[in-house]
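Here is the structure we will look at.
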Amino acid sequence: MNSNSKTVAVMVSGRGSNLKAILESVAKGECPVDVKLVISDRGDAAGLDIARKAGVPNVIHIDPKNFETREQFDTECAELLDRHGCQWIVLAGYMRILSSSFVRRFRGRIINIHPSLLPSFAGAKAVEDTLAYGVKVSGCTVHLVDEVLDGGSILAQSVIPVLDGDTRDSLHARIQIEEHKLYPATLARMANEGFEVIGRRVVWKSS
Ligand code: GRF
């Protein structure tokens, strides 16, 4: 682990292909983060198995059914994140809206990846909305998380063409190829270079 290495938690709800890409990049020595904790709100998330197989030391399912409110669920997650000393919280297909108390507690330390070129097509149906609108380029965005859904400052984006024959699945599959490169590369850049936020703009320290 190099000296820039950051302790990271990844939060997932599903397939976990971005988690897998991050773990592979870490294993190859390309991304100086230490994934200490993976949390899923779903017990059947494939991401849990991916994390266990990769040897993540703490892989935890927290069931929302055991909590009366979103805030109580998020407090349980927050305490776990703090207990494990997580500096960054990486959302990778995490489908729950975070409570504002959680966002405030970890302000500037939560990042997300979204399958569109934000600010276009925020929300859960980004790929469908992209196709329905008829734009000719799409891609993915890594951004800081604030109280506005998919609204935080942008750390990085990748662009791909939308093809005439695209379906939701074909477009999402090509976006995911980019996601799997962009997310680990952005984490590596965060660890190696650092950044500051000026207004809404992320400015990398090396630039
Ligand atoms: C990705 O397309 C990401 O942009 C969105 O949810 C999807 C998660 O995919 N937030 P996976 O679970 O990492 O495969």
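First listed ligand is number 1; within each ligand, the first listed atom is number 1. Computed from heavy atoms alone, side chains included, the values below leave out hydrogens, waters and symmetry copies.
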Less than 3.5 Å between some nitrogen or oxygen of His172 and one of ligand 1, yes or no? yes

Verify the distance criterion only: is there a donor paired with an acceptor across the side chains of Ser17 and His180 at less than 3.5 Å? yes

Of the protein's non-hydrogen atoms, which lies at the shortest distance from atom 9 (O) of ligand 1, and what is that distance? Gln176 NE2, 3.1 Å

The one among Ser116, Ser17, Gly93 that brings a heavy atom closest to atom 11 (P) of ligand 1: Ser17

Less than 3.5 Å apart, any donor N or O on the side chain of Ser100 or Glu147 sitting next to an acceptor on the other? no

Does any N/O atom on Ala92 come nearer than 3.5 Å to any N/O atom on ligand 1? no

Is ligand 1 less than 4.0 angstrom away from at least one heavy atom of Cys140? no

Determine, considering heavy atoms only, which of His114, His180, Glu179 sits nearest to atom 4 (O) of ligand 1. Glu179

Are Arg42 and Asp44 within salt-bridge range, i.e. N to O under 4.0 Å? yes

Under the side chain to side chain contact (heavy atoms under 4.5 Å, CB included) criterion, do Val162 and Val137 qualify, and how do the steps go? CA-CA 5 Å; Val162 178; Val137 291; 5.6 Å; no

Please check if any side-chain donor atom of Ser13 sits under 3.5 Å from a side-chain acceptor atom of Asp41, or the reverse. yes

Could you say whether the N/O atoms of Leu19 and ligand 1 ever approach to under 3.5 Å? no

Suppose we measure from atom 12 (O) of ligand 1 to each protein heavy atom; which comes out shortest, and what is that distance? Gly16 N, 2.9 Å

Please check if any side-chain donor atom of Ser116 sits under 3.5 Å from a side-chain acceptor atom of His114, or the reverse. yes

Report the member of Ile22, Ile50, Ile113 with the shortest heavy-atom distance to atom 5 (C) of ligand 1. Ile113

With a 3.5 Å cut-off and no angle check, do the side chains of Gln157 and Thr141 form a donor-acceptor pair? yes

